[in-house]
Colleague: 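Below: one structure in structure tokens.
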Amino acid sequence: MFDYETLKLVWWGLLGLLMIGFALTDGFDLGIGTLLPFIGRTDTERRVIINAIGPTWEGNQTWLITFGGASFAAWPMVYATSFSSFYVALLLVLFALFMRPVGFDYRGKIDNPRWRSAWDWALFAGSAVPSLVFGIAFGNLLQGVPFFFDGDLRSTYTGSFFGLLNPFALLCGVLAVSMLVAHGAAFLRIKTEGIVAQRAKPVLRIATLLTLVLFAVCGYFVLTRVPGYLIVGHVDGNGVANPLNKEVIAAPGLWVTNYGRYPVTLLAPLVTTLAGLIACLSAGLRNGIATFLATGLQIIGVILTAACAMFPFVMPSSLDPRSSLTLWDAASSRLTLEIMLFIKLVLVPVIFVYTGWVYRVLRGKISAETIERDSHVMY
């Protein structure tokens, strides 16, 4: 079908697609969960917010599960090294995500204000914590992770959980939270009516502007402070998975090398900026679809900006740049990539079609009157 080098490049694109799919769909779920205790001030208002995402959040989270499984199959060395490096952080995300299904299911079991308030804050934690940690993880990837490979390709991580919480990574974490909050607020604008939709409008503008500011600040640090990585010499794209077969240098400003080599990549930060401005200007429009699409484009732009800067690096090493993992030297065998590609070409379109069908069936707005009138409302 494809040669080995092309397969590696295709899988880089596919995994990026799965990541974007998760950020676009489950992203607004996480953003709405983060906003739940603040936009919803009465039990009915919070039920409106929860019912806006309640029927679809589990399906949206499928993108994360699919990304995890696909990364294990396509990049086993990245999967193993990242779980060793971010073990505590990933456990924190896992336990935070546990709060979502139990929060949705148990919140309405008892008609008691304290009971329901406790689960509302659990849903907040189950949404805000993963958003923050995912952003922190990206911030650490941009800086480089303290690990190295020995001669037998055994990885050793020398950092700690609290070492991940450095200023630049925390800045990226807040950027991720604000970006998803803006996307969630945009979804509330098109899915709800009344006071909930009205309160979402100023939140949308503030979160979008904050995202643009943080995006610019992070870009400044990447240009001037954060070390970038660059492969020196030729890399055999058809070679075996051995990260030690290359030379890498690290220095501030190297992450913008690809933007100089391939000017088309400048579209990514440009789209991010324009989409954010469009979202701010269109936040007051009655039809919120344009705003929702704009916040989605902003998310895509942020992810592609980081991806274009780091290409072909997947997990740089701050201890031993030569041990950095790239898409060329951390991939599975050619046979594995071919089999998994066939499976993905069949299943990913099915996911798209099914997701589109579900949202078509569940179209329509949620309001306080709907909650009080319809006895079949789930939450």
Side-chain angles (χ1 to χ4, degrees), residues 14 16-36 39-40 44-67 70 100-101 103-105 108 123 127 179-194 196-198 200-201 204 275 278-279 282-301 303 343-379:
L14 278 175
L17 177 64
L18 292 174
M19 182 182 296
I20 289 173
F22 166 68
L24 290 179
T25 56
D26 205 39
F28 66 76
D29 290 346
L30 295 173
I32 289 174
T34 303
L35 291 173
L36 175 62
I39 288 186
T44 299
E45 291 170 4
R46 292 182 179 184
R47 290 183 65 198
V48 169
I49 295 171
I50 292 173
N51 277 278
I53 59 173
T56 57
W57 74 270
E58 287 180 295
N60 293 339
Q61 200 159 281
T62 302
W63 290 96
L64 177 62
I65 299 170
T66 306
F67 173 79
R100 301 182 76 196
F104 283 119
D105 290 338
L123 288 171
S127 302
M179 178 176 69
L180 298 184
V181 163
H183 198 42
F187 187 77
L188 286 178
R189 291 278 296 156
I190 63 175
K191 190 64 178 177
T192 65
E193 293 179 336
V196 171
Q198 293 175 19
K201 181 167 63 175
L204 169 60
I278 291 172
S282 63
L285 298 179
R286 185 175 181 83
N287 186 347
I289 294 178
T291 308
F292 183 68
L293 292 176
T295 56
L297 278 175
Q298 188 178 48
I299 290 174
I300 294 173
I303 294 176
I343 295 173
K344 291 298 177 184
L345 290 177
V346 173
L347 294 183
V348 170
V350 172
I351 295 175
F352 273 109
V353 172
Y354 175 75
T355 301
W357 176 78
V358 167
Y359 279 95
R360 176 175 174 79
V361 170
L362 296 172
R363 67 187 181 277
K365 292 181 178 289
I366 304 292
S367 65
E369 292 75 18
T370 306
I371 296 292
E372 295 168 353
R373 181 183 65 248
D374 191 352
S375 61
H376 297 290
V377 171
M378 186 179 301
Y379 303 105

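FYI, side chains are in, hydrogens and waters are out, and symmetry mates aren't considered; it's all heavy atoms of this structure.
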Colleague: Decide yes or no for L347 and T66: does some side-chain heavy atom of the first lie under 4.5 Å from some side-chain heavy atom of the second?
Modeller: no
Colleague: Under 4.5 Å between any side-chain heavy atoms of T291 and R189, yes or no?
Modeller: no
Colleague: How about L30 and F22: do any of their side-chain heavy atoms sit closer than 4.5 Å?
Modeller: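 Side chain of L30 against side chain of F22, heavy atoms only: contact under 4.5 Å found.
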Colleague: A side-chain contact here means heavy atoms from C-beta on lying under 4.5 Å apart; do T295 and F28 qualify?
Modeller: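 Side chain of T295 against side chain of F28, heavy atoms only: no contact under 4.5 Å found.
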Colleague: Of all the heavy-atom pairs spanning I278 and S282, show the shortest one and how long it is.
Modeller: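 Shortest heavy-atom contact: O-OG, 2.7 Å.
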Colleague: Could you report the tightest heavy-atom contact between A182 and L204, atom names first, then the distance?
Modeller: O-CD1, 3.3 Å
Colleague: Using every non-hydrogen atom in the two residues, find where G33 and S127 come nearest and quote the distance to one decimal.
Modeller: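 Closest approach of G33 to S127, heavy atoms only: CA-OG, 3.3 Å.
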Colleague: Quick test of your reading: applying side chain to side chain donor-acceptor pair (under 3.5 Å), list the pairs with at least one residue in residues 25-34, sequence neighbours left out, ordered by first then second residue.
Modeller: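 Qualifying pairs: D26-R100, D29-N60.
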Colleague: More than 12 non-hydrogen atoms from neighbouring residues, nucleotides or ligands closer than 6.0 Å to OH on Y354, yes or no?
Modeller: no
Colleague: Could you tell me the separation between the CD1 atom of I300 and the CG atom of L293, rounded to the nearest 0.5 Å?
Modeller: 9.5 Å
Colleague: Tell me, do Q61 and E58 make a side-chain contact under 4.5 Å, heavy atoms counted?
Modeller: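 The answer is no; the side chains never approach within 4.5 Å.
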Colleague: I190 and K365: which non-hydrogen atoms are nearest, and at how many Å?
Modeller: O-NZ, 3.1 Å
Colleague: List the atom of G184, the atom of I32, and the distance in Å for their closest heavy-atom pair.
Modeller: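 Closest approach of G184 to I32: O-CG1, 3.4 Å.
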Colleague: Compare all side-chain heavy atoms of K191 with those of I366 and state whether any distance is below 4.5 angstrom.
Modeller: yes
Colleague: What is the distance from atom CD of E45 to atom CG of L36, rounded to the nearest 0.5 Å?
Modeller: 11.0 Å
Colleague: Before you tell me yes or no, could you show the steps for I50 and L123 under side chain to side chain contact (heavy atoms under 4.5 Å, CB included), namely the whole-Å CA-CA distance, both residues' side-chain angles and the distance that decides it to 0.1 Å?
Modeller: CA-CA 10 Å; I50 292 173; L123 288 171; 4.0 Å; yes
Colleague: With a 4.5 Å limit on heavy-atom distance, are the side chains of I299 and L180 in contact?
Modeller: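 Touching, per the 4.5 Å side-chain cut-off.
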Colleague: Do you know which two heavy atoms are closest between P349 and K344, and how far apart they sit?
Modeller: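 Scanning both residues, the minimum pair turns out to be CD-O, 3.6 Å.
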Colleague: Taking the side chain as everything from C-beta on, heavy atoms only, tell me whether L35 gets closer than 4.5 Å to I49.
Modeller: no
Colleague: Would L24 and W63 count as a side chain to side chain contact (heavy atoms under 4.5 Å, CB included) here? Give the steps.
Modeller: CA-CA 10 Å; L24 290 179; W63 290 96; over 6 Å; no
Colleague: Using 30° and 60° as the class limits, which term best fits the ring planes of F292 and F187: parallel, tilted or perpendicular?
Modeller: tilted
Colleague: For I289, is the CD1 atom crowded, meaning more than 12 foreign heavy atoms sit under 6.0 Å from it?
Modeller: no
